[in-house]
Amino acid sequence: MAKYQNEVRELLDAIGGKSNISAVSHCMTRMRFVLADEKKADVKTIEKIKCVKGTFTQAGQFQVIIGNDVSTFYNEFTAYAGIEGVSKDAAKQAAKTNQTWLQKMMSNLGEIFAPIIPALICGGLVLGFRNVIDSIAFFENGTKTLVEISQSWAGVDSFLWLIGEAVFWLLPVGIVWSITKKMGTTQILGIVLGLTLVSSQLLNGFNVATTPADQIPVWDFGFAQVKMIGYQGQVIAAMMAGFVLVYLEKFFRKICPAVVSMIVVPFCSLVPAVFVAHMVVGPIGWAIGNAIGDVVYAGLTSNFRFVFAGIFGLCYAPIVMTGLHHMTNAIDSQLVTTTGGTMLWPMIALSNIAQGSSVLAMSVLQKKNERAQQVNVPALISCYLGVTEPALFGVNLKYGFPLVCGMIGSACAALISVGCGVEAASIGVGGLPGILSIYPQFWLIFLLAMVVAVVVPFILTYIVGSKKLSREERFGEESGDMTEETVSAPENSKAAAEADGAAESGRTADGAAADGQTAPTSLKAFLSGKAVPLENVPDEVFSQHVMGDGMAIEPTDNTVVAPADAEVSVVMEDSRHACGLTLANGMEVLIHVGIDTVNMQGDGFELFVKQGDKVRCGQPLLRFDPEKIKAAGYPTITVFVVTDEGDAKDIQYVTGVDVKAGETDIVNFQ
């Protein structure tokens, strides 16, 4: 008899029947459905099913949380329903049919820009440093720059332009490469197409505006002439050219016999794509990109700029929460190309600071609430460094009023920034380090805006929080209660607890299980890095403890090891990104590398164990490639969840410290 026979039947009925399922797959903990009509799914009935821990919808997928046994449930469900499961990637693509056109566009834009953002940030810091040494007259009574008085620094300034040129002038190469990577076509062809857009044979795109029309070189085909203009720094034109190449290659792959595809497909894809790029979509993209940049720039410099700035500053944090903020990367890059700087990026950095300042006020209000501080402090630090999701989802959205107070402070700071014309040289590091990307002549004004972004949200949040937060929210549980941090118990109490636990579970007083295995009283770190609370995880299933309590590690290493002697209860053999273990005391734990990394289909992961294996503490379970995960646009934070406590009692998690795999205690219990 099937283990989940009744539950499978109940879920199929409640989800709208077989006809309502367009695609189904699963990850380590969840069934992932693409439904024809999500309104037919009876969420209340589904969440009452015995094995279901919760539901939610994300990126067009209706997800039903099952837990570690999801693979068994999935197999029984697909067999009973008569549905063939699909791959995670196929389900992800099918899910896009449930998204609006705006959601699809934002999703695609985010996936295109995610792999090249690190280069943009690095380039921004380089340009910021060059601005300091070659643009600010610090010396000889304010008449000369460091570069002008020092040949050594002049050499450094010149040398660093290698990076600036590569990042910003050759940006189309990265964009076209990223498009081909995302769309699954030949990446080297994308690189070649990108290079043809920025070739040294062409007039540099940045010099077009200052070059007389009769001096612009042309290709003369006899019947027509085409201007030999480069697309250095152009975003829209590069994206349009990249998609032309992608769809040409897909077309010729489809119609070309396999025996000659190696010759025919690259040639028939790349050559027409280069022609179309320079003769059609390049000029169109140039015009569109400049138009977008001009409209935004006009809004930021017009008599209505304060309205524009106030709205943008107020709404940016909610925009981040919806994922629509990816559009600003393209607009920022276009503004840098067309105007030499961007006024959007300073407002983004100020929004980061404002939301962080709300968390700072919450940290002060909750300074005696140790559990809350485990979320507040890491979220505050990451927010001030430009990563706002832990603060937004872990603190500000949770309480509501800190989010609003941060939005108000962000709007006030944006008014100052735009009102005084503050510009950044490029996209840079967000938060407090954002000043490094600001043109030096605007530093004092930007510092003033930063002060406003700190003070206004802090004061507002503190005042409102003093009235709205309950005593329990401010001070935590009654004094003497256990917190999540490790608490050392007296030896006699600990021994008594161990003896009691042993009597209940059939173990001896020294912790030896009946089968000869040792039941642990602590678990070692499963990965080296920074231990953080579960609330910091940017996934609501984990951060809201739907699967159970636990913690997470921001990794500095790439090998996941067993936290104790255990049996491997479940692994994801196809995606290789997660592993479940069962300990001698009956405790079941889940270790999950990254968020949504199931979509990588195992690329960048190596699994060392299989279901049923016995492992020792510190034994490697799997290895992952952090750079591949980041390049795919996913967080590397690795989650540890206790899905079944077994015989363990008084479980305490150690967070807020650096841990070493196989050595540092991260979980203690009796």
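Quick note: residue numbers are just sequence positions, from 1.
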With a 4.5 Å cut-off on side-chain heavy atoms, are Asp549 and Val642 touching? no
Salt-bridged, Arg32 to Asp596, with N to O below 4.0 Å? yes
Non-hydrogen atoms of Gly313 and Ser410 that approach each other most closely: O-OG, 2.7 Å
What I'd like to find out is whether the side chain of Val667 reaches to under 4.5 Å of the side chain of Ile651, using heavy atoms alone. yes
What I'd like to find out is whether the side chain of Pro457 reaches to under 4.5 Å of the side chain of Ile408, using heavy atoms alone. no
Could you please spell out the steps behind the side chain to side chain contact (heavy atoms under 4.5 Å, CB included) verdict for Asp665 and Val654? CA-CA 8 Å; Asp665 286 346; Val654 178; 5.6 Å; no
Ser543 versus Glu535, side-chain donor and acceptor atoms under 3.5 Å: no
Checking ring-ring contact (aromatic ring centres under 6.0 Å, His included) for the pair His592/Phe542: CA distance, chi angles, key distance, verdict? CA-CA 10 Å; His592 190 288; Phe542 294 125; 5.3 Å; yes
Could you tell me whether the side chain of Asn668 and the main chain of Tyr653 form a donor-acceptor pair under 3.5 Å? no
Is the shortest heavy-atom distance from the side chain of Val537 to the side chain of Ile595 under 4.5 Å? yes
When you compare the side chain of Ser417 with that of Leu350, does any pair of heavy atoms fall below 4.5 Å? yes
Determine, stepwise, if the pair Thr556 / Ser528 fulfils side-chain hydrogen bond (donor to acceptor under 3.5 Å, both in side chains). CA-CA 6 Å; Thr556 56; Ser528 295; 5.2 Å; no
Does either side chain, that of Glu423 or that of Thr342, offer a donor lying less than 3.5 Å from an acceptor on the other one? no
Pairs where residues 305-314 contributes a residue and the test salt bridge (charged side-chain N to carboxylate O under 4.0 Å, His left out) is met, not counting sequence neighbours: none
Scanning both residues in full, the closest heavy-atom pair of Pro402 with Met362 reads CG-SD, 3.7 Å
4.5 Å side-chain heavy-atom contact, Met587 and Asp644: no
In sequence, state the C-alpha distance, the side-chain angles, and the governing distance for Phe640 and Ile553, and then conclude on side chain to side chain contact (heavy atoms under 4.5 Å, CB included). CA-CA 8 Å; Phe640 177 92; Ile553 293 178; over 6 Å; no
Report yes if some heavy atom in the side chain of Ile445 is under 4.5 Å from a heavy atom in the side chain of Ile438; otherwise report no. no
NZ (Lys44) and OG1 (Thr55) are apart, to the nearest 0.5 Å, by 12.0 Å
Taking atom CD1 of Ile435 and atom CG of Leu447, what is their separation to the nearest 0.5 Å? 3.5 Å
Separation between NZ of Lys628 and CE of Met600, rounded to the nearest 0.5 Å: 7.0 Å
Testing the basics here: between Leu622 and His577, what is the closest heavy-atom pair and its distance to 0.1 Å? CD2-C, 4.2 Å
Please tell me whether Phe304 and Phe308 form a close aromatic pair, meaning their ring centres lie under 6.0 Å apart. no
Under the criterion side chain to side chain contact (heavy atoms under 4.5 Å, CB included), I'd like the reasoning laid out for Leu444 against Leu448: C-alpha separation, chi angles, the key distance, then a yes or no. CA-CA 6 Å; Leu444 289 178; Leu448 174 62; over 6 Å; no
Smallest separation among heavy atoms of Leu581 and Pro563, with atom names: CD1-CD, 3.5 Å
Can you measure from CZ (Phe526) to CG (Asp557) and round to the nearest 0.5 angstrom? 12.0 Å
Work out which heavy atom in Gln366 is nearest to a heavy atom in Leu469; give both atom names and the distance. CG-CD1, 4.4 Å
Among Gln652, Lys524, Met551, find the residue that satisfies the side chain to side chain contact (heavy atoms under 4.5 Å, CB included) test when tested with Ile666. Met551
Looking at OG of Ser351 and CZ of Phe312, how far apart are the two atoms once the value is rounded to the nearest 0.5 Å? 8.0 Å
Determine, stepwise, if the pair Thr638 / Glu554 fulfils side chain to side chain contact (heavy atoms under 4.5 Å, CB included). CA-CA 6 Å; Thr638 299; Glu554 292 281 7; over 6 Å; no
Could you tell me if the side chain of Ser358 sits less than 4.5 Å from the side chain of Phe401, heavy atoms only? no
Side chain of Thr597, backbone of Val593: donor and acceptor closer than 3.5 Å? yes
When rounded to the nearest 0.5 angstrom, what is the spacing between SG in Cys617 and CD in Glu663? 10.0 Å
Minimum-distance pair of heavy atoms, taken over all atoms of Leu527 and Thr559: CD1-O, 3.2 Å
